[in-house]
Protein chains: 2
Amino acid sequence: MNTKNINTHLTEIRDYFKAAISIDCVIFGFDEDVLKVLLIESDLNEFKGKWSLLGDIVRPDEDLEEAAYRVLQERTGLEDVYMEQVQAFGAIDRHPAGRVISIAFYSLVNIGHVELKKHNNDLHWHAVKDIRHMAFDHKEILATCYQRLQHKVIEQPIGFNLLPKKFSLRELQNLYEAILDVKLDRRNFRKKFFAMDYLIDLNEEEQEVPHRPARLYKFNQEKYSQRQKKSLGF
Amino acid sequence: MNTKNINTHLTEIRDYFKAAISIDCVIFGFDEDVLKVLLIESDLNEFKGKWSLLGDIVRPDEDLEEAAYRVLQERTGLEDVYMEQVQAFGAIDRHPAGRVISIAFYSLVNIGHVELKKHNNDLHWHAVKDIRHMAFDHKEILATCYQRLQHKVIEQPIGFNLLPKKFSLRELQNLYEAILDVKLDRRNFRKKFFAMDYLIDLNEEEQEVPHRPARLYKFNQEKYSQRQKKSLGF
DNA sequence: ACAAAAGTGTTGTCAATACACCCATGG
DNA sequence: CCATGGGTGTATTGACAACACTTTTGT
C-alpha cells in the first residue's frame with residue numbers, strides 16, 4: 001500500500017513551490033440610488049493611477065475569512081458585515097511581483113456607517129457601472145463578484161445589508177433596480193416583499209421629504225434566521 | 001502618495017508567509033442510477049483507511065484550472081471534461097503537514113469512459129449518499145461541491161456530461177432524481193425537457209431490454225453553446 | 001393649487017403540478 | 001399472456017406581469 005508518513009509529506013510540501021496567498025475584498029455599498037464599490041489607488045508603480053480592490057496577504061495564523069474580515073475592519077471600521085467567499089483567482093502572471101493566488105470575497109455594507117479615515121484618503125467609492133479599468137485582474141474579480149451578488153440577491157434577502165436599519169420600500173426597490181440593472185413594477189415589488197413577510201412595519205414615516213412621506217420598515221432578521229435553520233434541517 | 005516600486009513589493013511577498021496551494025477535484029460519475037464520486041485511499045498514516053479526494057499541489061507554471069485538469073487527466077485518462085471551480089478551503093489546520101490552502105473543483109464525467117488503471121487500484125467510486133467519513137476536510141469540500149452541483153443542474157443543462165452520448169429519457173430522469181434526491185413526475189419531466197429543445201431524437205432504440213425499448217437522444221451541444229453566447233452578449 | 005412620490009387591486013398569461021391509461025417488447 | 005417500463009394529454013393551481021387612479025405632504 002502506498003502510504004507516507006507525515007514527514008515525507010512535510011518534505012514534499014516544503015520542497016514544493018509555494019505561492020503567496022492573498023484575499024481581495026469587493027466591498028459593495030449603496031448610495032444615491034447607485035451601487036458602489038470601495039477602491040483604493042494602486043500602490044504599485046506599474047498600476048499608477050489605476051484603482052484596486054482592497055486586499056492583503058493572508059497571515060500564517062488566520063484563515064481566509066479572518067483575513068478578509070481583518071481587511072474590511074481596517075479599512076471601514078465595520079464589524080458584523082455580510083460577507084461571502086466567491087472563488088480563487090490564480091492566473092500565473094496576475095501579479096507582477098510573483099505568483100500570488102487571491103481568494104475573492106464580496107461584502108455588503110451600510111455605506112452610511114463607513115467613515116473613511118484620514119490615512120485612507122486614497123480610498124473612494126465608485127459606481128460599479130462606471131468602472132472601466134482596474135489594476136491587476138481586479139476588473140475580472142469585480143465582475144465575477146458582481147454577478148454572484150446579482151444571482152444571490154434574487155434568491156435570498158441579503159440586500160438589506162446595504163441599507164440603513166430603517167428604510168422605505170422605495171429605497172428597497174431602488175436597491176434592487178440598481179443591483180439587477182432593471183426597472184421593476186412598484187406594485188408587484190411591494191406585493192412580493194410583503195408576501196415574503198420579512199418586513200417589520202415600524203409605524204414611522206420619512207421626515208422632511210417634499211412629498212407624501214413613505215412608511216419605514218426594518219428587516220426581520222430573526223424570522224429569516226429561523227427559516228434558514230429549518231430549511232437546512234431536513 | 002503612497003506608491004511602491006516593484007522591488008518593495010517583491011520583498012514584501014518574499015518575506016511574507018507563503019502557503020502551499022493545492023487543488024482538490026470532486027469527480028462525479030453516474031452509474032446504476034446512483035451519483036458517485038471518485039476517491040482514493042489516503043496516503044497519510046494519519047488518515048489510514050479514510051478516503052480522500054483527488055488532488056495535488058499546484059505547480060509554479062500552471063494556473064489553477066490547468067492543475068485541476070492535470071489531476072483529472074492523470075487519474076481518469078479523460079480530457080474535455082466539464083469542470084467548475086467552487087471555492088477555496090483554507091482553515092489553518094486543515095492539513096496536518098502544514099498550511100495548505102486548497103481550491104476545490106468539481107467535474108462531471110461519463111463513468112463508462114473512465115478506466116481505472118492498475119497503478120490506481122486504490123481508486124474507487126463511492127455513492128455520494130453513503131459517504132460518512134473522509135480524510136482532511138474533504139467531507140466538507142465534497143458537501144459544498146455537491147450543493148453547488150445541485151444548484152447548477154437546475155439552472156443549466158449540464159447533467160448530460162454524466163451520461164453516455166446516447167441516452168433515454170428515463171436515464172436522464174434517473175440522473176436528475178439522483179442528483180437532487182427527489183422523485184419527479186415522468187410526464188412533466190419529459191414535457192420540460194422537450195420544451196427546452198436541447199434533445200436530438202436519434203431515431204434509435206434501446207437494445208435487449210425486457211420491456212418496450214425507449215427512444216435514444218443526444219444533447220444538442222451546439223444549440224446550447226449558441227444560446228449561451230447570445231444571452232451573454234447583450 | 002400644484003408638484004411629487006406613496007399607496008393600493010384586478011386581470012391575463014404562462015409555467016408547474018397532479019394524475020391514468022394504452023403500447024411495445026421479452027420471456 | 002404476463003410483467004415491465006415506455007409513451008402520451010388535460011385540468012388545476014399558483015406565480016408573475018401589466019396596468020391607473022387616489023392620497024398625502026411641502027412649497
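This one's a predicted model, so the numbers in the text were calculated from it and none came from an experiment. Chain naming here is simple, since letters A, B, ... match the order of the sequence lines and numbering starts at 1 in each. Both backbone and side-chain heavy atoms feed into the values below; hydrogens, waters and symmetry mates do not.
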Which atom pairs, one a donor and one an acceptor, fall under 3.5 Å between side chains of residues 192-203 of chain A and the rest of the protein, sequence neighbours left out?
residue: A:Asp197; atom: OD2; partner: A:Lys223; partner atom: NZ; Å: 2.7
residue: A:Tyr198; atom: OH; partner: A:Arg227; partner atom: NH1; Å: 3.4
residue: A:Asp201; atom: OD1; partner: A:Asn203; partner atom: N; Å: 2.8
residue: A:Asp201; atom: OD1; partner: A:Arg215; partner atom: NH2; Å: 3.3
residue: A:Asp201; atom: OD2; partner: A:Arg215; partner atom: NE; Å: 3.0
residue: A:Asp201; atom: OD2; partner: A:Arg215; partner atom: NH2; Å: 3.0
residue: A:Asn203; atom: OD1; partner: A:Arg215; partner atom: NH2; Å: 2.8

Pairs of donor and acceptor atoms involving the side chains of residues 108-116 of chain A, under 3.5 Å and at least two apart or interchain, shall be tabulated with distances.
residue: A:Asn110; atom: OD1; partner: A:Gly112; partner atom: N; Å: 3.0

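The side-chain hydrogen bond (donor to acceptor under 3.5 Å, both in side chains) check on A:Lys191 picks up A:Asn188, with sequence neighbours excluded. Take A:Lys218 and apply the salt bridge (Lys or Arg N to Asp or Glu O under 4.0 Å) test, not counting sequence neighbours, and it matches no residue. Every residue two or more places apart in sequence or in another chain that forms a side-chain hydrogen bond (donor to acceptor under 3.5 Å, both in side chains) with A:Tyr224 is listed here: A:Gln156. Checked against side-chain hydrogen bond (donor to acceptor under 3.5 Å, both in side chains), B:Glu155 has the following partners two or more places apart in sequence or in another chain: A:His151. Checked against side-chain hydrogen bond (donor to acceptor under 3.5 Å, both in side chains), A:Glu62 has the following partners two or more places apart in sequence or in another chain: A:Arg70.
End-to-end axis angle of the helix from C:dA1-D:dT27 to C:dG27-D:dC1, from C1' rotation axes over five pairs per end: 0° (rounded to 10 degrees).
The distance from atom CD of B:Glu208 to atom C1' of D:dT4 is 17 Å, rounded to the nearest whole Å. Computed from coordinates, the B:Leu199 CG to D:dG7 P distance equals 12 Å when rounded to whole Å. Counting to the nearest Å, the P atom of D:dT8 and the CZ atom of B:Phe189 are 15 Å from each other. D:dC16 atom C1' lies 15 Å from atom CZ of A:Phe193, rounded to whole Å.
Although no hydrogens or angles enter the test, the distance criterion places no donor-acceptor pair under 3.5 Å between the side chain of A:Tyr106 and the main chain of A:Thr144.
Within 3.5 Å, a donor on the side chain of A:Asp185 pairs with an acceptor on the base of D:dC19, or the reverse.
Legend: salt bridge (charged side-chain N to carboxylate O under 4.0 Å, His left out) pairs involving residues 170-179 of chain B, not counting sequence neighbours, sorted by first then second residue: B:Glu177-B:Lys183. Screening residues 139-151 of chain A for salt bridge (charged side-chain N to carboxylate O under 4.0 Å, His left out), with sequence neighbours left out, gives A:Glu84-A:Arg148.
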Test log, rule salt bridge (charged side-chain N to carboxylate O under 4.0 Å, His left out), inputs B:Arg94 and B:Asp24: CA-CA 13 Å; B:Arg94 61 175 294 282; B:Asp24 279 301; 3.8 Å; yes
Kindly give the atom pairs (protein nitrogen or oxygen, nucleotide nitrogen or oxygen) under 3.5 Å for nucleotides 3-7 of chain C.
residue: C:dA6; atom: OP2; partner: A:Arg170; partner atom: NE; Å: 3.1
residue: C:dA6; atom: OP2; partner: A:Arg170; partner atom: NH2; Å: 3.1
residue: C:dA6; atom: N7; partner: A:Arg186; partner atom: NH2; Å: 3.3
residue: C:dA6; atom: N3; partner: A:Arg212; partner atom: NH1; Å: 3.4
residue: C:dG7; atom: OP1; partner: A:Arg215; partner atom: N; Å: 2.8
residue: C:dG7; atom: OP2; partner: A:Arg190; partner atom: NH1; Å: 3.2
residue: C:dG7; atom: OP2; partner: A:Arg190; partner atom: NH2; Å: 3.1
residue: C:dG7; atom: O5'; partner: A:Arg190; partner atom: NH2; Å: 3.1
residue: C:dG7; atom: N7; partner: A:Arg186; partner atom: NH2; Å: 2.5
residue: C:dG7; atom: O6; partner: A:Arg186; partner atom: NH2; Å: 2.8

Please enumerate all protein N or O atoms sitting under 3.5 Å from an N or O of nucleotides 12-17 of chain C, with distances to 0.1 Å.
residue: C:dT17; atom: O4; partner: B:Lys191; partner atom: NZ; Å: 3.2

